[in-house]
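Everything below concerns the one structure shown next.
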Amino acid sequence: MGNSALRAHVETAQKTGVFQLKDRGLTEFPSDLQKLTSNLRTIDLSNNKIESLPPLLIGKFTLLKSLSLNNNKLNILPDELCNLKKLDTLSLNNNNLRELPSTFGQLSALKTLSLSGNQLGALPPQLCSLRHLDVVDLSKNQIRSIPDIVGELQVIELNLNQNQISQISVKISCCPRLKVLRLEENCLELSMLPQSILSDSQICLLAVEGNLFEIKKLRELEGYDKYMERFTATKKKFA
């Protein structure tokens, strides 16, 4: 991509606060953006070939609210990313991430996190520190189990479709705000699904198709009627 084209994008972003450069075959984060650290609110560099984020630069976008790097080749995220105190939307779908930085819990404004199509082998415990997190998409990863720490998650919607989950901690029923739980196409036996999800949780939409049991068997479990009450009440609210 020519320098003049990039310069034009930078000039536009200076006025709008939005820098969008998708599908350009970029192999690195544009260094020209260091001129815009104090005025960018949105960066979208999806569908490129970026392998890493520059640590000394990425943490300086103090006003950044939305960062999208879907469909790149990121293997690791620098700790400095977690300096972005105003970031509320982070989209990193279809990269090669195996873990999140230990400092990830410092992204205190984060509301929406998309990590579908990565290589995460476990539910990142750092997510439990994020008090404003509403929606988390961890679908299409390699997560095998949901540990006790899940009970501390503050999310409203948790998407774990297309993982390898065969075990779920009963603590998932303690999530104070969890309304939507997606567990489609995993490795769950019916006996491994905590009954308290049905009887004692806030969950009003439970998606479990494509596991190792028939859905009609779910309807026979104790507590299913309580779940259906929540499901129906929610449907009426949005009808």
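If you read the sequence from its start, that first residue is 1, and numbering goes on from there.
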Side chains of [X] and [Y], heavy atoms from C-beta outward: is any pair under 4.5 Å?
| X | Y | answer |
| --- | --- | --- |
| Leu110 | Asp88 | no |
| Leu45 | Ile50 | yes |
| Leu40 | Leu63 | no |
| Val180 | Leu158 | no |
| Leu97 | Leu77 | yes |
| Leu90 | Thr112 | no |
| Leu183 | Ile168 | yes |
| Phe231 | Thr234 | no |

Hey, what do you get for [atom1] ([X]) to [atom2] ([Y]), rounding to the nearest 0.5 Å?
| X | Y | atom1 | atom2 | result |
| --- | --- | --- | --- | --- |
| Lys140 | Leu115 | NZ | CG | 13.5 Å |
| Leu113 | Thr89 | CG | OG1 | 10.0 Å |
| Glu28 | Leu53 | CD | CG | 11.5 Å |
| Leu120 | Leu123 | CG | CG | 9.0 Å |
| Glu80 | Lys60 | CD | NZ | 10.0 Å |
| Leu69 | Ser114 | CG | OG | 12.0 Å |

Got a sec: does the [atom1] of [X] have more than 12 other heavy atoms crowding it under 6.0 Å?
| X | atom1 | result |
| --- | --- | --- |
| Glu222 | CD | no |
| Ile215 | CD1 | yes |
| Glu99 | CD | no |

When you measure from the side chain of [X] to the backbone N and O of [Y], does any donor-acceptor pair fall under 3.5 Å?
| X | Y | answer |
| --- | --- | --- |
| Asn72 | Lys49 | yes |
| Asn163 | Ile143 | yes |
| Arg41 | Ser66 | no |
| Lys85 | Gln106 | yes |
| Gln167 | Arg144 | no |
| Gln126 | Pro101 | yes |
| Tyr224 | Ser199 | no |
| Asn141 | Asn118 | yes |
| Ser145 | Pro147 | no |

Q: Carefully, step by step, assess Arg177 and Gln154 under the rule side-chain hydrogen bond (donor to acceptor under 3.5 Å, both in side chains).
A: CA-CA 6 Å; Arg177 299 169 70 219; Gln154 297 294 314; 5.1 Å; no

Same cluster for [X] and [Y] if Ile/Leu/Val/Met/Phe/Trp/Tyr side chains link at under 4.5 Å?
| X | Y | answer |
| --- | --- | --- |
| Met228 | Leu205 | yes |
| Leu100 | Ile76 | no |
| Leu221 | Leu212 | no |
| Leu26 | Ile43 | yes |
| Ile172 | Val135 | no |

Nearest heavy atoms of [X] and [Y], plus distance in Å:
| X | Y | value |
| --- | --- | --- |
| Ser102 | Asp79 | N-OD1, 4.3 Å |
| Phe19 | Leu6 | CZ-CD1, 4.0 Å |
| Leu153 | Pro176 | O-CD, 3.6 Å |
| Ile203 | Tyr227 | O-CD1, 3.7 Å |
| Gly25 | Asn48 | N-OD1, 3.0 Å |
| Asn186 | Ile165 | OD1-N, 3.0 Å |

(Q) If you apply the rule side chain to side chain contact (heavy atoms under 4.5 Å, CB included), what do you find for Val208 with Leu218, and how did you get there? (A) CA-CA 9 Å; Val208 287; Leu218 181 69; 3.8 Å; yes

Q. So Ser173 and Ser201, side-chain hydrogen bond (donor to acceptor under 3.5 Å, both in side chains) or not? Walk me through it.
A. CA-CA 5 Å; Ser173 311; Ser201 75; 5.4 Å; no

(Q) Side chains of Asp44 and Ser46: any donor to acceptor distance under 3.5 Å? (A)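 Per modelled atom types, Ser46 and Asp44 side chains form a pair under 3.5 Å.
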
Q) Under 3.5 Å, is there a donor-acceptor pair between the Ser139 and Ser116 side chains? A) yes

Q: Run the salt-bridge test on Arg182 and Glu157 with the 4.0 Å N-O cut-off and return the result as yes or no.
A: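 Salt bridge present between Arg182 and Glu157.
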
(Q) One thing to verify: whether Lys216 and Glu214 come together as a salt bridge, which I'm taking to mean a side-chain N less than 4.0 angstrom from a carboxylate O. (A)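 Result for this pair is yes, salt bridge flagged.
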
Q: Would you please test Leu198 and Asp225 for side chain to side chain contact (heavy atoms under 4.5 Å, CB included) and show each step?
A: CA-CA 8 Å; Leu198 299 173; Asp225 52 341; over 6 Å; no

Q | Asn71 and its side chain to side chain donor-acceptor pair (under 3.5 Å) partner, picked from Asp23, Asn94, Asn95, Asn93 | A | Asn94

Q: Show your reasoning for whether side chain to side chain contact (heavy atoms under 4.5 Å, CB included) applies to Leu130 and Val136.
A: CA-CA 11 Å; Leu130 298 169; Val136 175; over 6 Å; no

(Q) Ile197 vs Leu181, test: side chain to side chain contact (heavy atoms under 4.5 Å, CB included). Steps then yes/no. (A) CA-CA 10 Å; Ile197 287 179; Leu181 177 59; 4.1 Å; yes

